[in-house]
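Worksheet: one structure, shown below.
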Amino acid sequence: MVADFSGDKFAPPGFNSPTRFDGSVYDCEVSGTIPADLHGTFYRMQCDFAYPTLPNDWMTGFNGDGHVSMFRFKDGSVDYTGRYVMTDRLIAERAARRRLFGVYRNRLTDDPSVANIDRGAANTHIYWHAGKMMVLKEDSLPYLVDPHTLETKGRWDFHGKFESTSMSAHPKIDPVTGDMICYGYQAKGDLSDDIAVYVVGPDGHVKKDVWFKAPYVGIVHDIAITRKHIVIPVIALVTSLERLQSGEPMWDWQPSYPTMVAILPRDGDARDIRWFKGPSRNTLHFNNAVDVGNTIQMDLPVSDEQRMPSQIKRWTFDLNSKDDSFKEEVISTTNGPLVRMNDKYLSMPYEYCYAGHQDASRPVDTLRAPGLGGRATNTYQRVNVNTGETSSFFVGSVQSLQEPIFAPRENARDESDGYVMGVASNYAEMKSELVIVDAQDMEAGAIATVKLPFRLRPGTHGNWLSAKDLEFA
Ligand code: V55
Ligand code: FE
């Protein structure tokens, strides 16, 4: 049997076709100059289906096999390595030389031969904690990979103490204590309404778990932490057994469902949870949250409806109030749904976040880059979350940018002293490149662009690890 993508409508020629190989490029081609003080590694994930998808896999973009990209910087040069996560699922499919797992998060569509094989595709995010590099997908447990070679080390259940059947791809690492606050939803198996929040110490051992029920089976893609609280929103992308049986996409946007937000004191238990309620909102990712007196402020990209561009908003939860509503204010009209920050300021007062943005006032070269369809995430914006002031980096008229990450400079002087970086699809060259921007001089353009000699599929999420962070790996 061979992998035949010719009939796969989700793999047209171009950036959506899978990369499909493991490999390295030593001493990548660079235009501009890589800063001499940039020592560390940018890791990012992409969903890279190794076998053709089923025709009705609407969520195929999120159902691909996890593939890690690693850009390692040292003394002004950079090496790239990309490698599949060898999940049980990919191992089984490679052995059969064909697709065995069906559509996104629907085991009813799987080949019966894989009924007892883990479905986790390890395709969403990558986090370093307690000396382990975890690759995450919210429907299953983490896989571990070697942070230097990207070799897969198998699944990880925190010494058997993580009893949730899944761990979300968006844990939070407390920059003060080194604890990892993580959680699973549908935590007692597919479609269960259980949420389990875990605190894992810097030694990798579970310190605490808190179990409670979601008000409905909606997506719980991300959380936020403050010094004192954990904020756990349940969003009105809902699912049910009927949907899975009907073969419709797993998630269904329900504008009539409320946004339900659980606030759990970090030193508390399930009975201390306070629920807040708001109108249905289309949002998956939360940037930062802080305690301000007896209120909690959480900043997030959010749109009112599924087809509206997102804005960066601030939700305020007043723990003194008697009712369960929360306040919503617009911080910025920056429209990218992936907002990042200097994670050393997570849970604490902060000033800046970084997001991709489709800036309609910038040119898109439809002749040289017809694949862009006249629209691109053509800028990264640095947004001051207190004033709404923005500064922006324009990537060019033939590229579209993916999630930005922030890499602090060694011995950084202040919060935004560092680099913003992310992968861009270059539609004129039909190759991928990594751009590096000075966060305090966004308008100056890229300091360096790392040019790969091939395409990467668009990424999901990534993280920066300094050489010091990885010293003990
Ligand atoms: C997202 C990504 C997923 C997923 C659910 O970033 C939500 C959004 C890559 O997989 O399963
Ligand atoms: Fe995400």
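We number each residue from 1, following the sequence as shown. Note that ligands are numbered from 1 as they come in the structure, with each ligand's atoms numbered from 1 the same way.
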**Message:** Suppose we call two aromatic rings close when their centres sit under 6.0 Å apart. Are Tyr198 and Phe158 close by that rule?
**Reply:** no
**Message:** Looking at Asp194 and Lys188, is there a salt bridge between them, counting it only when a charged N and a carboxylate O are closer than 4.0 Å?
**Reply:** yes
**Minimum-distance N/O/S atom that His285 presents toward the Fe ion (ligand 2)** = NE2
**Message:** Does atom NZ (Lys208) have a neighbourhood of more than 12 heavy atoms from anything else shown, all under 6.0 Å?
**Reply:** yes
**Prompt:** Does a salt bridge link Asp299 with Lys313, judged by any charged N lying under 4.0 Å from a carboxylate O?
**Reply:** no
**Request:** For the Fe ion (ligand 2), find the closest N/O/S atom on His221 and give its atom name.
**Result:** NE2
**Nearest heavy atoms of Thr109 and Val103, plus distance in Å** = OG1-N, 2.9 Å
**Prompt:** Can we say Glu403 and Arg44 salt-bridge, meaning some charged N sits less than 4.0 Å from an Asp/Glu carboxylate O?
**Reply:** no
**Contact flag His125/the Fe ion (ligand 2), N/O/S atoms, threshold under 2.8 Å** = no
**Item:** Of the N, O or S atoms in His461, the one nearest the Fe ion (ligand 2)
**Value:** NE2
**Asked** Does the pair Lys172/Asp343 count as a salt bridge with the N-to-O cut at 4.0 Å?
**Response** no
**Asked** Closest approach of Phe406 and Trp464, non-hydrogen atoms and distance?
**Response** O-CB, 4.1 Å
**Request:** At a heavy-atom distance under 4.0 Å, which protein residues reach ligand 1? Sort them by chain and number, would you?
**Result:** Cys47, Phe62, Tyr104, Asn123, Thr124, Lys137, Glu138, His221, Leu284, His285, Thr460, His461
